[in-house]
**Q** 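Got a structure for you, written out below as structure tokens; questions coming shortly.
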Amino acid sequence: MSRYGINSKKLPKAGPYSHAVATRGFVFFSGQVGLDPKSGKLVEGGIAAETRQAFKNVAAVLKEADCDLGDVVKVTVFLTDMTEFGKMNEVYAETFEEPHPARTTIGVAALPMGARVEIEVIAEGGPLTP
């Protein structure tokens with residue numbers, strides 16, 4: 001099996017993981033929170049602001065993988081407060097065009113850095129060779 005890691009220079013360096021891994025025509029992305037790459041801190045402004053920034057971070061890694069939001073086939077959203085689902089969903093609806101990707105939303109107890117939302121995606125395509 002051939003697979004390789006993809007990391008975006010526009011985001012903070014990943015820990016012991018890759019921002020994404022490409023294999024067999026798909027790219028699997030690590031979760032992104034609403035981290036401002038310049039400050040290294042979560043953006044302020046609540047769930048909508050964090051969701052927008054998380055999608056900007058996802059888009060940066062998608063670009064590095066020769067993909068864009070139109071290539072996303074599956075999204076998993078992790079929320080620490082399911083009462084904020086509606087606000088997250090408004091930003092989500094602004095982000096994707098039809099046909100929308102498949103999606104799962106999961107309520108969790110906590111996320112890294114105290115984030116309210118984390119988003120991971122799977123995209124079709126990507127580069128064929130590292």
**Q** Run through the side-chain heavy atoms of Ile, Leu, Val, Met, Phe, Trp and Tyr, join any pair under 4.5 Å, and report what else lands in V21's cluster.
**A**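 V21 clusters with nothing; isolated.
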**Q** Is there a path from Y4 to F29 through hydrophobic residues (I, L, V, M, F, W, Y) whose side chains come within less than 4.5 Å of each other?
**A** yes
**Q** Evaluate the ring planes of Y92 and F96, with Trp represented by its six-membered ring, and classify them as parallel (under 30°), tilted (30 to 60°) or perpendicular (over 60°).
**A**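 Tilted: the ring planes of Y92 and F96 meet at 30° to 60°.
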**Q** Judged by atom type as modelled, is there a donor-acceptor pair below 3.5 Å linking the side chain of H19 to the main-chain atoms of V61?
**A**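 It does not hold such a pair.
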**Q** Could you walk me through whether I47 and M88 pass the side chain to side chain contact (heavy atoms under 4.5 Å, CB included) test, one step at a time?
**A** CA-CA 6 Å; I47 188 70; M88 175 282 299; 4.3 Å; yes
**Q** Among pairs that include at least one residue of residues 56-91, which meet ring-ring contact (aromatic ring centres under 6.0 Å, His included), considering only residues two or more places apart or in two chains?
**A**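 Not a single pair qualifies under ring-ring contact (aromatic ring centres under 6.0 Å, His included).
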**Q** With distance as the sole test, does N7 use its side chain to make a donor-acceptor pair with the main-chain N or O of A20 at under 3.5 Å?
**A**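 It does not hold such a pair.
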**Q** Just how far is it from atom CD of E94 to atom CG of N89, taken to the nearest 0.5 Å?
**A** 10.5 Å
**Q** Just do the side chain to side chain contact (heavy atoms under 4.5 Å, CB included) check on I106 and V77 with the steps written out, would you?
**A** CA-CA 6 Å; I106 303 167; V77 178; over 6 Å; no
**Q** If I compare all heavy atoms of E120 with all of S30, which pair ends up nearest, and what's the gap?
**A**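 In this case the closest contact between E120 and S30 is CB-C, 4.2 Å.
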**Q** Within a 6.0 Å radius of atom CD on E124, are there more than 12 heavy atoms belonging to other residues, nucleotides or ligands?
**A** no
**Q** Is it true that the side chains of K87 and T51 contain a donor and an acceptor less than 3.5 Å apart?
**A** no
